[in-house]
Asker: 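I am attaching a structure below and will ask some questions about it afterwards.
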Amino acid sequence: MRSPWLNKLSVILGPRPPVSWLFLCVVSLLALITVFGSSSSSSFDSVTSTWVPENYKNYRRLKKQAAIDYFELRTLSSGASRQRELGFCGKERENYVPCYNVTANLLSGFKDGEEFDRHCEVVGQGKWCLIRPPKDYKTPLQWPAGRDVIWSGNVKITKDQFLSSGSMTKRMMLLEENQIAFQSDAGLTFDGVKDYSRQIAEMMGLGSDSEFLQAGVRTVLDIGCGFGSFGAHLVSIKLMALCIAGYEATGSQVQLALERGLPAMIGNFITRQLPYPSFSFDMVHCAQCGIPWDKKEGMLLIEVDRLLKPGGYFVLTSPKSKSHGSATGTKIRNMLTPLEQFPEKICWSLIAQQDETFIWQKTADSQCYSSRKQNDVPLCKGHDASYYQALSPCIIGPSSKRWIPIQNRSSSSELSSAELALHGVSPEDFFEDLQGWKLALKNYWSLLTPLIFSDHPKRPGAEDPLPPFNMVRNVMDMNAHYGGLNAAFLEEKKSVWVMNVVPVTSRNMLPLILDRGFSGVLHDWCEPFPTYPRTYDMLHANGLLSHLSSERCSLMDLFVEMDRILRPEGWVVLYDKLGAIELARAHATQIRWGARVIDIQNGSDQRLLICQKPFLTK
């Protein structure tokens, strides 16, 4: 005998319900179990907590929930949208850098060196694809050990290229099995970096290179930095040294420096200004950098003058010539002869020369510019535009409000009220920004810690991972504002350096960031960033997505570019309005990132999106 419930059901549906209806019932029942079984209060992927001014409460519970929710969401998103995921690029794009296609540049009519420069206007809109790591790619070693030892499979330099390179390369690098080892600061220096640094300090009248900071030298632009050994030494003595070098298809200086965890980016001294404002660096260094300083009527030296702060130093080391009669020796003398005359025309003075090293100092005396001769380089008039503009034939004089000698500047990242006023920033706003970022950094780390522990179990023989030492060496802040995130990292004594990027369409706070002694650059996020693939451990952006929504660029282009420059197992932290974050999460799913949205303020339309790029090889 059937139950009364089944009798009623048969009256409604007939004696034999359709199979499709039964299937629909089963699917609906499973859906109800999924919805009611989730642990969310208002939405599946929402964690409510206080953002500012309090730190997260119920810390342990939130850590556990963050880890569980994150991986649940990654599993669901990978299953639900597999058909929408982007495919992989071909093997030929493993080290692809957009905007540096010499062949395309030549076909577009660029010549006389311009074909080697950056030309994003030549880049065609191709099909979106994800750049996969090389077959032998491995997660970089923990920092600071990774500063001196890198995996050879992570960079585009082969054993044959290494063996065929010059003696300087062999002294700087030791190729062993699948690793490239650089000399350690604690041991002997094969290329004499420590002695060279001490020599420069003594030529400047200092006792040792530990006194660079006392002399006002905090930031150094290292042109043609080789494999980063000089920059690595400067970083070890608390200076911010940024390496720039031209694009190279193989054996790139910039790629090797970044793989070591050192600040670097692609930049050329050819026909256009570098993307930094005037008075950006305390020292510009060139050791055998290959720049023809005697060419272009001195405009390359004028660009160095633009980048140098008053009282700053230009250090030039030319290679030794074995014979005064050799072609090399003649070439060097031909280059140095105009360098002995031209600096006086831009108010530089040669303060020291020892062997092949010359040091000039830019004047800190404004009177030099008022007592100039008729054939001296003229002073500039008008606005200082510095985003890949043509090289300028004029110099910027003391009429600029930022014309302050390096010896008179603050020696810390905390600028004085007078210095803040030069940038149109109030001390109250500056202090509030720093306090907000200190709390934000703690919140980021409280959420990232369980994810790192969950996703990266302890490897054999490794210590328990402690962020940021295991996974994060460098961070790109894609919308840096005042550089507050960078300052928060320093306050928390995190061993992380930050590339502070200021979008060209936003308020230009890069001069303030550089005056704090940080690294930074102007950039248009509608274009690719001048770096190699897999060079950053974390990308961060606050408000960038909403800012770009009114621009001409495609958000999907941006995310594909972010995936290119982010290393496998790297992190993305985005803070923005709810609509922008939801769209960003959809894009993150398409490029195969694990993504999780966090509600950090009750009743606010702001959300935090945390993503991780998986380690995918095929």
Side-chain angles (χ1 to χ4, degrees), residues 200-223 234 239-242 274 276-286 293 298 300-316 339-354 357-373 376-381 384 386 392 394-413 415-423 510-518:
I200 292 175
E202 292 173 350
M203 291 173 67
M204 292 169 54
L206 306 176
S208 69
D209 55 7
S210 63
E211 298 179 11
F212 275 140
L213 288 171
Q214 300 175 26
V217 177
R218 292 188 297 165
T219 57
V220 178
L221 183 66
D222 191 10
I223 304 172
L234 295 181
L239 270 63
M240 171 50 70
L242 174 64
L274 293 172
Y276 316 110
S278 301
F279 314 132
S280 291
F281 299 96
D282 306 316
M283 177 184 288
V284 174
H285 172 259
C286 162
W293 299 110
L300 298 176
L301 285 174
I302 291 176
E303 173 64 358
V304 173
D305 180 82
R306 186 185 72 84
L307 296 173
L308 275 177
K309 296 176 182 177
Y313 301 89
F314 176 52
V315 180
L316 173 65
L339 286 181
E340 295 172 357
Q341 304 168 355
F342 191 83
E344 295 182 2
K345 299 180 180 180
I346 54 177
C347 288
W348 288 9
S349 57
L350 181 64
I351 63 171
Q353 176 186 354
Q354 185 175 332
T357 299
F358 300 76
I359 300 181
W360 286 271
Q361 185 174 23
K362 180 176 179 176
T363 185
D365 182 7
S366 60
Q367 295 299 318
C368 176
Y369 297 93
S370 60
S371 58
R372 300 163 52 72
K373 300 177 183 178
D376 288 345
V377 178
L379 297 179
C380 295
K381 299 178 181 179
D384 172 32
S386 54
S392 174
C394 60
I395 59 175
I396 299 177
S399 59
S400 170
K401 62 182 181 180
R402 294 185 56 239
W403 202 91
I404 304 174
I406 61 174
Q407 295 81 4
N408 299 342
R409 291 178 178 268
S410 297
S411 58
S412 71
S413 61
L415 303 181
S416 66
S417 299
E419 289 172 315
L420 290 174
L422 293 176
H423 302 285
L510 185 57
L512 181 148
I513 291 171
L514 295 171
D515 285 351
R516 300 181 76 174
F518 300 159

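Side chains are part of it too, since the values below use all heavy atoms of this structure and drop only hydrogens, waters and symmetry mates.
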Asker: Which pair of non-hydrogen atoms, one from Phe518 and one from Met240, has the smallest distance, and what is that distance?
Answerer: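 Distance-wise, the nearest heavy atoms are C-CG, 4.2 Å.
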
Asker: What distance separates Leu307 CG from Ile223 CD1, expressed to the nearest 0.5 Å?
Answerer: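 One gets 8.0 Å once the value is rounded to the nearest 0.5 Å.
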
Asker: Out of the candidates Asp282, Val284, Ile406, only one should pair with Leu308 under the side-chain contact (heavy atoms from CB on, under 4.5 Å) rule; please name it.
Answerer: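 Of the listed options, the one satisfying the test is Val284.
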
Asker: What are the two closest heavy atoms between Phe279 and Pro310, and how far apart are they?
Answerer: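 Smallest interatomic distance, heavy atoms only, reads CD2-CD, 3.8 Å.
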
Asker: Decide yes or no for Val315 and Val220: does some side-chain heavy atom of the first lie under 4.5 Å from some side-chain heavy atom of the second?
Answerer: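 SC-SC contact between Val315 and Val220 ruled out.
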
Asker: Can you see which heavy atom on Trp403 is nearest to which on Ser366, and at what distance?
Answerer: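 Minimum heavy-atom contact is CH2-N, 3.6 Å.
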
Asker: If I take atom CD from residue Glu419 and atom CZ from residue Arg516, how far apart are they, to the nearest 0.5 angstrom?
Answerer: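 Answer rounded to 0.5 Å: 11.0 Å.
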
Asker: For the OG1 atom of Thr219 and the OH atom of Tyr276, what is their distance to the nearest 0.5 Å?
Answerer: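 Taking OG1 in Thr219 and OH in Tyr276, the distance rounds to 11.5 Å.
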
Asker: Identify the heavy atoms of Trp293 and Cys286 that sit nearest to each other, and give their distance.
Answerer: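 Of all heavy-atom pairs spanning Trp293 and Cys286, the closest is NE1-SG, 3.6 Å.
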
Asker: Determine the minimum heavy-atom distance between Phe212 and Leu206, stating which atoms define it.
Answerer: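 Minimum heavy-atom contact is CD2-CD1, 3.9 Å.
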
Asker: Heavy atoms, side chains only, cut-off 4.5 Å: are Cys380 and Ser392 in contact?
Answerer: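 Answer yes - side chains close enough.
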
Asker: Tell me if a side-chain donor or acceptor on Arg409 pairs with a main-chain N or O of Asp515 at a distance below 3.5 Å.
Answerer: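 The answer is no, because no donor-acceptor pair under 3.5 Å joins these two groups.
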
Asker: What's the shortest heavy-atom distance between Met203 and Ile359, and which atoms?
Answerer: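 So the two residues come closest at CB-CD1, 3.6 Å.
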
Asker: How far does CD1 of Ile200 sit from CG of Leu234, to the nearest 0.5 angstrom?
Answerer: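 The CD1 atom of Ile200 sits 8.0 Å away from the CG atom of Leu234.
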
Asker: Apply the test side-chain contact (heavy atoms from CB on, under 4.5 Å) to residues Leu415 and Leu422: give CA-CA distance (whole Å), side-chain angles for both, the deciding distance (0.1 Å), then the verdict.
Answerer: CA-CA 11 Å; Leu415 303 181; Leu422 293 176; over 6 Å; no

Asker: May I ask you to test the Trp348-Val304 pair for a side-chain heavy-atom distance under 4.5 Å?
Answerer: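 Trp348 reaches Val304 side chain to side chain.
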
Asker: If you draw a 6.0 Å radius around CD in Glu344, do more than 12 non-hydrogen atoms from other residues or ligands fall strictly inside?
Answerer: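 Incorrect, the count does not exceed 12.
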
Asker: Does Lys362 reach the main-chain N or O of Asp305 with its side chain, forming a donor-acceptor pair under 3.5 Å?
Answerer: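 Yes; judged by distance alone, with no hydrogens or angles, the pair exists.
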
Asker: Please lay out, stage by stage, how Ile302 and Phe342 fare under the test side-chain contact (heavy atoms from CB on, under 4.5 Å).
Answerer: CA-CA 10 Å; Ile302 291 176; Phe342 191 83; 4.0 Å; yes

Asker: Backbone N or O of Ala201 within a donor-acceptor pair of the Glu211 side chain at under 3.5 Å?
Answerer: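 Flag not set: sc Glu211 to bb Ala201 has no pair under 3.5 Å.
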
Asker: Can you tell if the side chain of Ile395 reaches within under 4.5 Å of the side chain of Leu379, non-hydrogen atoms only?
Answerer: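 Yes, side chains in contact.
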
Asker: Any sub-3.5 Å donor-acceptor pair from Arg306's side-chain atoms to Ser280's backbone N or O?
Answerer: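 No, the answer is negative, given that no donor and acceptor are paired below the 3.5 Å cut-off.
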
Asker: For the CD atom of Gln354 and the CD atom of Glu202, what is their distance to the nearest 0.5 Å?
Answerer: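 The distance works out to 7.5 Å.
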
Asker: Between Gln361 and Ser349 (side chain of the first, backbone of the second, donor and acceptor by atom type, cut-off under 3.5 Å), is there such a pair?
Answerer: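 Looks like no, no N/O pair under 3.5 Å.
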
Asker: Taking atom CG of Leu221 and atom CZ of Phe314, what is their separation to the nearest 0.5 Å?
Answerer: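 Between atom CG of Leu221 and atom CZ of Phe314 there are 10.0 Å.
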
